[in-house]
Structures are given as C-alpha cells and as structure tokens.
There are 2 protein chains.
Amino acid sequence: MERNGRDQELIIQRMFELTKRAMPKFERCTGISQSRLEILRELFVSEEITQRELQKKVNIDHAAVTRHLKQLEESGMVIRRKNPDDNRFTYVQLTDEGKQRVAAYCEEKQRFISSVLNDFSEEEKSALLDLLTRLQKNIEEM
Amino acid sequence: MERNGRDQELIIQRMFELTKRAMPKFERCTGISQSRLEILRELFVSEEITQRELQKKVNIDHAAVTRHLKQLEESGMVIRRKNPDDNRFTYVQLTDEGKQRVAAYCEEKQRFISSVLNDFSEEEKSALLDLLTRLQKNIEEM
DNA sequence: GGTCAATTATTGACACGTCAACTAATATAA
DNA sequence: TTATATTAGTTGACGTGTCAATAATTGACC
C-alpha cells in the first residue's frame with residue numbers, strides 16, 4: 001500500500017518533470033512557444049475565427065490570447081477586424097505570410113516529435129495515447 | 001505515414017494539455033504550487049542542504065530557487081545560513097513548523113494523485129510509468 | 001602575495017500564465 | 001424606452017520560469 005502510493009506519485013512527478021523539460025527544448029528546436037504555435041495552428045485550420053472561439057479551442061486564458069494576438073499582429077502574421085454586425089466580436093485570421101510560417105513551424109514540430117518517439121512501436125504509442133487520454137478525463141472530472 | 005505523424009503529435013499534445021490543466025487543479029487542491037512543494041519535499045528528506053544541491057535536485061533555475069526560498073524564509077518555513085567554511089554556499093533547512101506543513105501538503109498531494117489514478121490497474125500504472133520514463137530519457141538526450 | 005578563473009547566489013529583463021477589474025457593445029425585461 | 005444583465009475583449013497585478021549580468025568568495029598558478 002505504501003509502495004503503491006509512492007509509485008503513483010512517481011508517475012505524476014515524472015509527467016510534470018517531463019513536460020517541464022520538454023517545453024524549453026521544443027521552443028528552441030522550433031523557434032516558437034508551444035502555446036503560440038497552438039494558436040497559430042488553430043487559425044490555420046479555422047480560416048477566420050472569433051477570439052472567443054479561439055480561446056476556447058486552445059484553452060488559454062482570454063488575457064493571454066489577447067496578448068499573443070497583439071504581438072502576432074505586430075509581427076505581420078495575423079490580421080484582426082471587428083464583426084460589423086456585432087462590434088463585441090473580433091475576427092482573426094492569418095496573413096499569407098503567416099500561413100507559410102505556420103506550415104514551417106509545424107514541420108519543425110513534427111520533426112521534434114518524431115525524434116522524441118523514435119524508438120516507440122505503434123502498439124506502445126497507442127497504449128500511451130490511451131493511458132494519457134484516460135488520465136486527462138480523470139483530471140477534467142475533478 | 002501521414003496518419004502516423006498525426007497520432008504522434010496527439011500524444012505530445014495531450015501530455016502538454018494534460019499537464020497544463022492538472023497544474024492549477026493540483027494547486028487549488030493542495031494549496032501550494034507543484035514546484036514549491038518539490039523544493040519543500042527535497043528539504044524534508046535532505047535535512048540540511050546547499051541551495052546549489054537543491055537546485056540540481058528539483059531542476060529549476062537558480063533564480064527561481066532563490067526567490068522561492070526567500071519567500072519561504074519570510075513565511076517562516078525555512079531558515080538559511082552561510083557555510084562558515086565557504087561563504088559562497090548557503091545551507092537551507094526546514095523549521096519545525098515547516099516540517100509539519102510539508103507533511104500536510106504531501107498528504108494532500110497523495111489524495112490528489114490517488115483520485116486521478118483511481119481507475120488504473122497496477123499493470124496499467126506500471127506500463128504508464130515505463131513509457132513516461134522512456135519518453136523522458138529521449139527528451140533528455142536531445 | 002597578486003592576478004585570473006571557477007563557483008554560488010542574487011538581481012534584472014523578459015515571456016507566459018492566471019485572476020480580477022474594467023470598457024464597450026448588445027440583449028433582455030420592466 | 002430605459003435599466004439591468006450578459007458577453008467580448010483589454011488591461012493591471014501578480015506568480016513563476018528562463019537567460020544574462022553582476023557581486024562575493026574561493027582556488028590555482030605565477
């Protein structure tokens with residue numbers, strides 16, 4: 001029982017630690033932060049989307065989304081415009097240059113992930129995905 | 001091949017997302033941040049330890065460790081003193097009150113973790129731990 | 001002994017996240 | 001129609017992480 005408890009703890013510990021270490025490496029390899037790339041990818045597939053919708057998709061705080069978009073707009077990857085029918089909403093979309101750059105970032109990300117999972121068999125990968133998915137469900141239900 | 005790439009990405013995506021969602025819940029449940037508790041737990045088992053050692057154990061940046069300790073000292077959980085033989089080093093240890101509070105925090109953490117892993121069998125838990133450990137090794141070797 | 005290198009700890013600048021307070025626009029209900 | 005509630009987005013305060021620069025101390029070599 002005691003042993004059991006420690007092992008459980010190790011799992012969560014390891015996952016947190018793993019994420020903590022992977023994040024900076026990921027950012028160095030791809031040249032962009034995980035969160036920002038998530039936003040950009042969502043914009044890539046959504047064509048034009050409301051900030052609110054975007055926020056729900058990527059599950060980051062409104063405030064953070066606003067700030068990311070402001071910077072992305074300054075750097076020319078994104079344009080925003082108000083919804084003429086309801087001025088509370090603002091639509092966001094990628095510029096052409098933005099699209100190209102997102103595609104490049106995604107390729108980098110693919111490379112990174114492939115290299116991290118290179119020695120995992122298909123069975124192991126799907127087992128891992130399953131376990132993580134269940135874990136996520138448990139966490140969300142708390 | 002294409003499908004393969006997407007699945008791989010899902011694994012990493014899920015893990016990042018999972019961690020991102022779990023962190024705040026963990027902190028609300030236990031009343032302390034994951035990182036700070038890691039520091040405290042290390043102090044708990046190490047009795048008296050150098051900041052440098054501590055930093056290596058918990059794998060957080062020096063700067064962050066310094067700031068955590070400063071706050072912990074102010075709140076009376078920790079005391080620091082310079083090594084008289086080498087003034088560059090400072091030893092850190094928990095106060096008695098600190099020890100009690102760490103123990104309480106750890107119990108909370110156990111409760112949290114048990115509830116997150118409650119429907120996992122022993123086999124599943126050890127499989128998950130294995131997979132995560134391998135993943136971690138790959139990430140560290142990059 | 002004096003200079004230079006290495007090591008520890010601290011601090012500042014910055015990135016990113018949360019929450020709470022605020023503004024502006026719209027919907028709803030008296 | 002006017003007052004109230006709701007909603008989207010922005011901003012500020014704050015916590016925590018990184019990296020880079022700095023201060024203080026010690027060790028090593030001339």
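In what follows, chains carry the letters A, B, and so on, assigned in the order in which the sequence lines appear, proteins first and then strands, with residues in each chain numbered from 1.
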Under a 4.0 Å heavy-atom cut-off, which of residues 79-94 of chain A touch DNA chain D?
A:R80, A:R88, A:F89, A:T90
Where along residues 50-57 of chain A does a heavy atom come under 4.0 Å from DNA chain D, residue by residue in number order?
A:T50, A:Q51, A:R52
In chain order, what residues pass the salt bridge (charged side-chain N to carboxylate O under 4.0 Å, His left out) check against A:K109, with sequence neighbours excluded?
none
Contacts of B:R36 meeting salt bridge (charged side-chain N to carboxylate O under 4.0 Å, His left out) (sequence neighbours excluded), chain-then-number -> none
For [X], side chain to side chain donor-acceptor pair (under 3.5 Å) partners two or more places apart:
| X | value |
| --- | --- |
| B:T90 | B:Q51 |
| A:E47 | none |
| B:T133 | A:R14 |

For B:F112, what residues pass the ring-ring contact (aromatic ring centres under 6.0 Å, His included) criterion, not counting sequence neighbours?
B:F26
Output all residues satisfying side-chain contact (heavy atoms from CB on, under 4.5 Å) with [X], sequence neighbours left out; order by chain, then residue number.
| X | value |
| --- | --- |
| B:Q100 | none |
| B:E27 | B:S33 |
| A:F44 | A:L94, A:K99, A:V102 |

Quick one: [X] [atom1] to [N] [atom2], roughly how many Å, whole number?
| X | N | atom1 | atom2 | value |
| --- | --- | --- | --- | --- |
| B:F16 | D:dG17 | CZ | P | 17 Å |
| A:K70 | D:dT11 | NZ | C1' | 8 Å |
| A:L72 | D:dT10 | CG | P | 13 Å |

Any B:T66 side-chain nitrogen or oxygen under 4.0 Å from OP1 or OP2 of C:dA9
no
Treating primed atoms plus P, OP1 and OP2 as sugar-phosphate and everything else as base, which nucleotides of nucleotides 16-23 of chain C get B, S or - for protein heavy atoms under 4.0 Å?
SSBB----
Find out if a path of hydrophobic residues (ILVMFWY) with successive side-chain heavy-atom gaps under 4.5 Å connects B:I79 to B:L72.
no
